[in-house]
Q: 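Take this structure, written in structure tokens, and hold onto it; I'll ask about it next.
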Protein chains: 2
Amino acid sequence: MNSQVKEIFEGFLAEKGLKMTRQRQLILDIFLKKEGHLSPEELYLLVRAKAPAVGRATVYRVLKLLKEAGLAHEVDFGEGVLRYEHKYGHAHHDHLICMRCGRTREVVDEAIEQLQQKLADRYGYSLTSHRMDLYGLCPACRRKAEKAGPPQAGVDISARL
Amino acid sequence: MNSQVKEIFEGFLAEKGLKMTRQRQLILDIFLKKEGHLSPEELYLLVRAKAPAVGRATVYRVLKLLKEAGLAHEVDFGEGVLRYEHKYGHAHHDHLICMRCGRTREVVDEAIEQLQQKLADRYGYSLTSHRMDLYGLCPACRRKAEKAGPPQAGVDISARL
DNA sequence: TTGCTTGCAAAGGATTTGCAACATG
DNA sequence: CATGTTGCAAATCCTTTGCAAGCAA
């Protein structure tokens with residue numbers, strides 16, 4: 001399983017005349033073990049716990065390589081940090097993000113995927129990828145929010161204009 | 001038209017005990033005149049052309065206020081800069097982004113909007129907003145790309161895992 | 001060996017903030 | 001007038017880079 005991914009990474013490195021190093025092995029290992037969306041800093045802390053000498057820059061560099069190799073997917077939830085998730089056992093998916101607790105849930109809706117394709121076709125675009133993030137309140141936070149009184153919703157002027 | 005938006009902004013400021021200033025007027029004016037997705041720097045340059053004394057920081061501060069007031073929408077295409085578009089005459093829309101020339105086209109698909117709502121419902125989420133960006137090649141770039149030979153597609157390992 | 005890599009610190013780029021002078025209500 | 005506001009520069013934050021020393025092939 002992991003060895004499969006490692007082989008792919010080694011192949012990628014070899015093709016580019018790059019080398020497999022202890023650091024790259026370790027960082028990839030730790031990255032693959034974690035599910036979810038990891039920031040470079042979070043990954044760095046995990047790595048440092050195992051190998052205190054590894055530098056932040058190396059983690060950034062490896063993440064970039066993994067992205068290039070197609071092994072990691074970069075996402076940006078607008079927090080000011082990029083996040084990465086490995087593709088092992090992770091097919092494409094969209095996100096349902098709770099604006100209160102910040103937790104994200106991965107979802108896929110085939111019907112939407114097809115309509116996206118159609119939409120692109122309609123405008124003559126060839127679609128290569130997409131991102132869809134739905135923001136709202138998760139069931140748990142919804143309940144809490146109701147108790148705390150109605151949320152002071154962000155002003156939406158669209159109706160007024 | 002613009003005056004309507006200005007009134008809203010003034011109302012927003014008043015409610016918060018903030019003041020309407022020359023700079024805020026000017027920045028809002030210029031912001032409203034421009035269609036499309038403006039970065040703070042771009043807006044700053046436009047503003048500076050009219051009022052050289054205005055500082056970058058003020059532009060950033062006003063954009064943040066406009067966002068809070070619900071008059072500006074913040075988007076992030078992953079370029080390392082945030083972009084803002086005013087909501088005047090701009091209902092909600094998604095983006096079709098060309099990965100070659102970078103141009104974006106605004107689209108809306110009612111069927112997709114409805115399915116997004118359903119998708120959220122299915123998981124018990126109350127949806128407040130979403131972002132959907134479709135990446136691909138626009139018709140023009142598609143033609144150019146064909147002449148230049150097949151694109152060396154990014155490795156997609158998902159099938160192999 | 002010959003490069004590619006690494007860790008460190010410095011550099012970068014975007015955005016924010018502290019502050020004294022300055023407007024606004 | 002009491003406060004909020006501004007422009008500037010310095011400070012932050014995340015990320016990238018230059019470089020000398022250290023490894024992999």
Side-chain angles (χ1 to χ4, degrees), chain A residues 6-7 9-31 37-69 72 74-84, chain B residues 6-7 9-31 37-69 72 74-84:
Chain A
K6 266 184 220 165
E7 274 170 38
F9 191 41
E10 281 182 15
F12 168 83
L13 292 174
E15 268 178 49
K16 298 217 145 198
L18 306 179
K19 295 164 181 174
M20 175 52 94
T21 65
R22 245 177 316 111
Q23 289 91 329
R24 287 177 181 168
Q25 290 257 18
L26 178 66
I27 294 172
L28 176 55
D29 267 358
I30 294 179
F31 180 57
H37 311 93
L38 229 44
S39 69
E41 186 64 19
E42 285 163 0
L43 181 55
Y44 166 64
L45 290 175
L46 290 171
V47 169
R48 208 180 50 172
K50 292 267 182 198
V54 174
R56 230 183 225 86
T58 302
V59 173
Y60 275 96
R61 290 191 270 234
V62 172
L63 281 172
K64 195 185 271 184
L65 285 173
L66 290 173
K67 182 172 95 174
E68 252 185 276
E74 190 181 76
V75 292
D76 180 352
F77 294 140
E79 312 157 284
V81 224
L82 293 177
R83 291 185 171 279
Y84 297 83
Chain B
K6 267 184 222 168
E7 273 170 38
F9 191 40
E10 282 182 13
F12 168 83
L13 292 174
E15 269 178 47
K16 297 217 145 199
L18 305 179
K19 296 164 180 174
M20 175 53 92
T21 65
R22 246 176 315 111
Q23 289 91 327
R24 287 177 181 168
Q25 291 256 18
L26 178 65
I27 295 172
L28 176 55
D29 267 358
I30 295 178
F31 180 57
H37 310 94
L38 229 43
S39 68
E41 185 65 18
E42 285 163 1
L43 181 54
Y44 166 64
L45 291 174
L46 290 170
V47 169
R48 208 180 48 172
K50 292 268 183 200
V54 174
R56 231 182 223 85
T58 301
V59 173
Y60 275 96
R61 290 190 270 234
V62 172
L63 282 172
K64 195 185 269 183
L65 284 172
L66 291 174
K67 183 172 93 175
E68 252 185 276
E74 189 181 76
V75 290
D76 179 352
F77 294 140
E79 312 158 286
V81 224
L82 292 177
R83 291 185 172 279
Y84 298 82

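Residue numbers begin at 1 in each chain, while the letters A, B, ... track the order of the sequences.
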Q: Dump every N/O contact between nucleotides 12-15 of chain D and the protein below 3.5 Å, one line per pair.
A:
| from | atom 1 | to | atom 2 | distance (Å) |
| --- | --- | --- | --- | --- |
| D:dT15 | OP1 | A:L82 | N | 3.0 |
| D:dT15 | OP2 | A:Y60 | OH | 2.7 |

Q: What residues form a ring-ring contact (aromatic ring centres under 6.0 Å, His included) with A:F31, not counting sequence neighbours?
A: A:H86
Q: Going through the distances and angles, do B:I27 and B:L63 end up as a side-chain contact (heavy atoms from CB on, under 4.5 Å)?
A: CA-CA 9 Å; B:I27 295 172; B:L63 282 172; 5.8 Å; no
Q: Round to a whole Å and report the spacing from CD1 of B:I27 to P of D:dT5.
A: 13 Å
Q: Residues two or more places apart in sequence or in another chain: which of them pass salt bridge (charged side-chain N to carboxylate O under 4.0 Å, His left out) with B:K19?
A: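 For B:K19, no residue satisfies salt bridge (charged side-chain N to carboxylate O under 4.0 Å, His left out) once neighbours in sequence are set aside.
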Q: Closest nucleotide of DNA chain D for A:A57 versus for B:Q23: which of these residues is on the 5' side?
A: B:Q23
Q: In whole angstrom, give the distance that lies between atom CG of B:L26 and atom P of C:dT24.
A: 13 Å
Q: If we check side chain to side chain donor-acceptor pair (under 3.5 Å) with B:E74, which of these qualifies: B:K67, B:K64, B:H37?
A: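 Of B:K67, B:K64, B:H37, side chain to side chain donor-acceptor pair (under 3.5 Å) with B:E74 is met by B:K67 alone.
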Q: Would B:F12 and B:L66 count as a side-chain contact (heavy atoms from CB on, under 4.5 Å) if you check the C-alpha gap in whole Å, the side-chain angles of each, and the deciding distance to 0.1 Å?
A: CA-CA 9 Å; B:F12 168 83; B:L66 291 174; over 6 Å; no
Q: Nearest-Å distance, CG (B:L43) to P (C:dT15)?
A: 12 Å
Q: Would you say the side chain of B:Q23 lies within less than 4.5 Å of the side chain of B:V59, judging by non-hydrogen atoms?
A: no
Q: What's the CZ-P distance between B:R24 and C:dA23, to the nearest Å?
A: 15 Å
Q: Estimate the overall bend of the helix from C:dT1-D:dA25 to C:dG25-D:dC1 from the end axes over five pairs each, rounded to 10 degrees.
A: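 Angle reported: 30°, given to the nearest ten degrees.
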Q: Measure the distance from CZ on B:R48 to C1' on D:dG7 and round it to the nearest whole Å.
A: 13 Å
Q: Rounded at 0.5 Å granularity, tell me how far CD in B:Q25 sits from CD in B:E10.
A: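 Answer rounded to 0.5 Å: 6.0 Å.
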Q: Run the side-chain donor-acceptor check on residues 38-52 of chain B: report pairs under 3.5 Å with partners two or more places apart or on a different chain.
A:
| from | atom 1 | to | atom 2 | distance (Å) |
| --- | --- | --- | --- | --- |
| B:S39 | OG | B:E42 | N | 3.1 |
| B:E41 | OE1 | B:R56 | NE | 2.9 |
| B:E41 | OE2 | B:R56 | NH2 | 3.1 |
| B:E42 | OE1 | B:S39 | N | 3.1 |
| B:E42 | OE1 | B:R83 | NH1 | 3.2 |

Q: Expressed in angstrom and rounded to an integer, what is the separation of A:E10 atom CD from C:dC4 atom C1'?
A: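 Atom-to-atom, A:E10 to C:dC4, this comes out as 16 Å.
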Q: Would you mind reading off the distance between B:K16 atom NZ and C:dG25 atom P, rounded to a whole angstrom?
A: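 My rounded result for the distance is 18 Å.
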Q: Using the side-chain heavy atoms of A:T58, tell me which of these nucleotides is nearest: D:dT6, C:dG7, D:dC8.
A: C:dG7
Q: Which atom pair, heavy atoms only, marks the closest approach of B:V81 to B:D76?
A: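 For B:V81 versus B:D76, the nearest heavy atoms are O-OD1, 4.2 Å.
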Q: Under 4.0 angstrom, heavy atoms only, what part of the nucleic acid is A:R61 near: base, sugar-phosphate, or nothing?
A: base
Q: Just the rounded figure in Å: distance from P of C:dA14 to CG of B:L38.
A: 15 Å
Q: Between the protein and nucleotides 21-25 of chain D, list every N/O to N/O distance that falls short of 3.5 Å.
A:
| from | atom 1 | to | atom 2 | distance (Å) |
| --- | --- | --- | --- | --- |
| D:dA24 | N3 | A:K19 | NZ | 3.1 |

Q: Grab the two heavy atoms, one from A:L13 and one from A:M20, that are nearest each other, plus how far apart they are.
A: CD1-CA, 3.9 Å
Q: For the atom pair CZ (B:F77) and CG (B:L82), what is the distance rounded to the nearest 0.5 Å?
A: 11.0 Å
